[in-house]
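In the text below, chain A, chain B and the rest are named by the order of the sequence lines, each starting its count at 1. Heavy-atom basis, side chains included; hydrogens, waters and symmetry copies ignored.
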Protein chains: 2
Amino acid sequence: MRKHNNKKTVVNCTFSRYLIVMTSKSLNSWHEIQDEVLSRIQAGIWKPGTIIPTENDLAREFECSRATVSRALNALSADGLLDRRRKGGTKVNLNPVRKATLPIPVIREEVEGRGCTYRSLVIEKEKRKPSPAIRAQLSLDADCFVMHVKSLHMADNQPYAFEDRWVNLDVVPDFEQADLTKISANEWLLQNSGFSAGDVAFYALNAGQQEAENLGCREGEALFVLERITQVNGKAITFVRLFYRPGHRISTTL
Amino acid sequence: MRKHNNKKTVVNCTFSRYLIVMTSKSLNSWHEIQDEVLSRIQAGIWKPGTIIPTENDLAREFECSRATVSRALNALSADGLLDRRRKGGTKVNLNPVRKATLPIPVIREEVEGRGCTYRSLVIEKEKRKPSPAIRAQLSLDADCFVMHVKSLHMADNQPYAFEDRWVNLDVVPDFEQADLTKISANEWLLQNSGFSAGDVAFYALNAGQQEAENLGCREGEALFVLERITQVNGKAITFVRLFYRPGHRISTTL
DNA sequence: TAGTGGTCTAGACCACCCG
DNA sequence: GGGTGGTCTAGACCACTAA
């Protein structure tokens with residue numbers, strides 16, 4: 001049976017010093033409970049570092065099942081606001097906002113999402129032995145071959161990002177024949193190598209001669225760089241450095 | 001009743017062209033189901049863009065309740081691997097890995113997490129009228145006051161990051177009296193202003209004179225910059241720019 | 001060891017939305 | 001309209017861990 005009515009009562013509440021009369025709603029959805037808990041935290045009723053009531057207590061207060069409370073609290077825990085542990089109870093986290101979720105779109109989508117026309121140019125595509133540095137990054141043998149691809153992503157015919165990529169031909173031999181004028185290396189790999197895990201890093205770098213020439217900027221300008229190693233079934237498949245044009249920002253809402 | 005045994009059967013499976021005999025486990029935990037679904041996607045059994053079986057079908061196959069399947073699929077959906085919609089079914093996402101979750105720790109914790117000793121120096125602390133640029137960032141009136149704080153975060157007595165912060169005294173008037181030699185501005189605000197939302201941006205910038213002096217680097221070096229606006233109850237409380245020392249990287253696993 | 005969250009179940013109803 | 005996922009419930013047992 002779902003309950004749809006609210007009621008006003010004086011609640012048996014261990015936090016009574018903050019409350020005189022408490023409007024106790026029958027909260028029937030875990031979203032409502034999440035919001036309620038969130039606002040109590042933001043209002044300072046439940047302070048960072050303290051333990052909040054148990055699932056059973058909250059279920060009684062909100063007149064819903066424990067599972068519903070659990071779902072709401074787990075959602076807040078996933079957001080980093082609560083710290084939950086068996087026996088220990090549920091604690092309001094100190095330092096609440098600690099995670100930024102950044103979208104890492106395919107560059108074509110990123111460009112088109114800004115309302116620009118996307119185009120990519122292949123600057124260089126060469127099959128070769130990997131350099132020691134690349135061997136280390138991709139955990140490769142000395143005698144294998146990799147494909148080295150340099151390309152430029154354009155937005156409305158302006159350089160948007162310069163890409164320097166190494167592809168492990170042991171894992172995706174077909175990449176040697178890929179026609180990168182029709183589809184970017186990134187998207188080819190996405191479509192032909194299945195799902196992947198990987199590591200991403202961001203940092204700032206002064207533009208070298210190669211980056212400056214391709215992006216049309218001065219040498220030494222600060223570039224935002226994305227570096228990524230992609231793996232399939234634990235085998236490194238590609239290592240890529242993406243040098244964005246000067247002024248590029250990534251942003252997100254916490 | 002929990003089931004603990006596995007069994008081997010020929011499964012009535014629409015993907016039989018991939019399977020001769022399928023080991024159908026009784027998967028009793030949503031983690032196991034998540035892993036199984038994930039590996040089927042990675043193995044190409046369920047291809048990007050296609051619909052996977054319904055919750056009911058999977059519950060029958062795995063011999064568990066629909067709720068358990070649902071939980072597993074929802075977890076994968078939250079990770080961006082599946083796209084679920086009522087009536088439409090559950091689809092394997094194209095462009096699977098699109099989100100990077102970056103931890104944004106308090107700098108003290110970031111430094112201590114690297115095994116270094118943290119120290120912070122206040123370089124400047126001044127109450128003043130906000131500049132037009134800052135007024136715009138914080139959505140302030142012209143006649144209010146803000147606190148401008150410049151400080152340096154040190155790791156093992158080496159500069160780690162230079163911080164340029166503006167604090168809205170309308171919202172947190174007590175900040176004027178905060179003793180920033182004992183606690184950094186960031187942590188003071190965290191502890192005294194409750195929970196907060198905000199926007200974060202990252203970009204690269206050539207070091208100016210001020211940054212170079214404080215970080216002990218050359219002017220023009222590429223710096224990784226974090227910019228953040230923090231709001232409480234919809235009111236902007238602080239705007240901060242954090243210039244990391246040259247070579248700083250942030251990284252994450254997808 | 002006792003108390004807390006973690007999880008599973010079977011059933012039910014609902015909301016959305018594709019055909 | 002009907003099929004799919006979204007959600008809630010009441011009860012049960014389990015696993016971790018703080019005290």
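For B:R84 and D:dG6, the shortest distance from a side-chain N or O to OP1 or OP2 is below 4.0 Å. The side chain of B:N74 places an N or O atom within less than 4.0 Å of a non-bridging phosphate oxygen (OP1 or OP2) of D:dG6. For B:S65 and C:dG11, the shortest distance from a side-chain N or O to OP1 or OP2 is not below 4.0 Å. For D:dT7, neither phosphate oxygen OP1 nor OP2 lies less than 4.0 angstrom from any side-chain nitrogen or oxygen of B:S70. Proximity of A:T68 to the phosphate of D:dT7: no side-chain N or O atom is located under 4.0 Å from OP1 or OP2.
Rounded to 10 degrees, the angle separating the terminal axes of the helix from C:dT1-D:dA18 to C:dC18-D:dG1 is 20°, with each axis obtained from five end pairs.
One cannot find a donor-acceptor pair under 3.5 Å joining the base of D:dT4 and the side-chain atoms of B:R66.
A:N93 contributes a side-chain N or O that, together with a main-chain N or O of A:G80, makes up a donor-acceptor pair within less than 3.5 Å. In this structure, the side chain of A:D156 engages the main chain of A:T117 through a donor-acceptor pair within 3.5 Å. In terms of modelled atom types and a separation under 3.5 Å, the side chain of A:N168 and the main chain of A:A236 share a donor-acceptor contact. For the pair A:D179 (side chain) and A:T181 (backbone), a donor-acceptor distance under 3.5 Å is present. Between the side chain of B:S39 and the backbone N or O of B:D35, at least one donor-acceptor pair lies under 3.5 Å.
For the pair B:I33 CD1 and D:dG5 P, the interatomic distance rounds to 14 Å; values are reported in whole Å. Spacing between atom CZ of B:R71 and atom P of D:dG5 amounts to 18 Å, rounded to whole angstrom units. Note: CG (B:D57) to C1' (D:dT4) measures 11 Å, nearest angstrom. Residue B:H31 contributes atom NE2, which lies 14 Å from atom C1' of D:dC14 at whole-angstrom precision. Note: CD1 (A:I51) to C1' (D:dA19) measures 13 Å, nearest angstrom. The CD-P distance, from B:E55 to C:dC8, rounds to 14 Å in whole Å. In this structure, A:L73 places its CG atom 12 Å from C1' of C:dT4, rounding to the nearest Å. To the nearest angstrom, P of C:dA10 lies 11 Å from CD of B:E63.
Residue A:T54 places its side chain closer to C:dT4 than to any other of C:dT4, D:dG5, D:dA10. Considering only side-chain atoms of A:C64, the nucleotide from C:dT9, D:dT9, D:dG5 that sits closest is D:dT9.
For the 3.5 Å distance criterion, the side chains of B:E109 and B:Y118 fail to qualify, holding no donor opposite an acceptor. Side-chain contact of A:S77 with A:R84: a donor-acceptor pair under 3.5 Å is absent, judged by distance alone.
If you look at A:F224 and B:F202, their ring centroids are not closer than 6.0 Å.
Residue B:N56 is out of contact with every strand shown, counting any heavy-atom pair closer than 4.0 Å.
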Between the protein and nucleotides 15-19 of chain C, which nitrogen or oxygen pairs come in under 3.5 angstrom?
from, atom 1, to, atom 2, distance (Å)
C:dA15, N3, B:R86, NE, 3.1

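B:G49 and B:L94 get closest at one heavy-atom pair: N-CD2, 4.0 Å.
Applying the side-chain hydrogen bond (donor to acceptor under 3.5 Å, both in side chains) rule to B:N56 yields no partners; only residues at least two apart in sequence or on another chain are considered.
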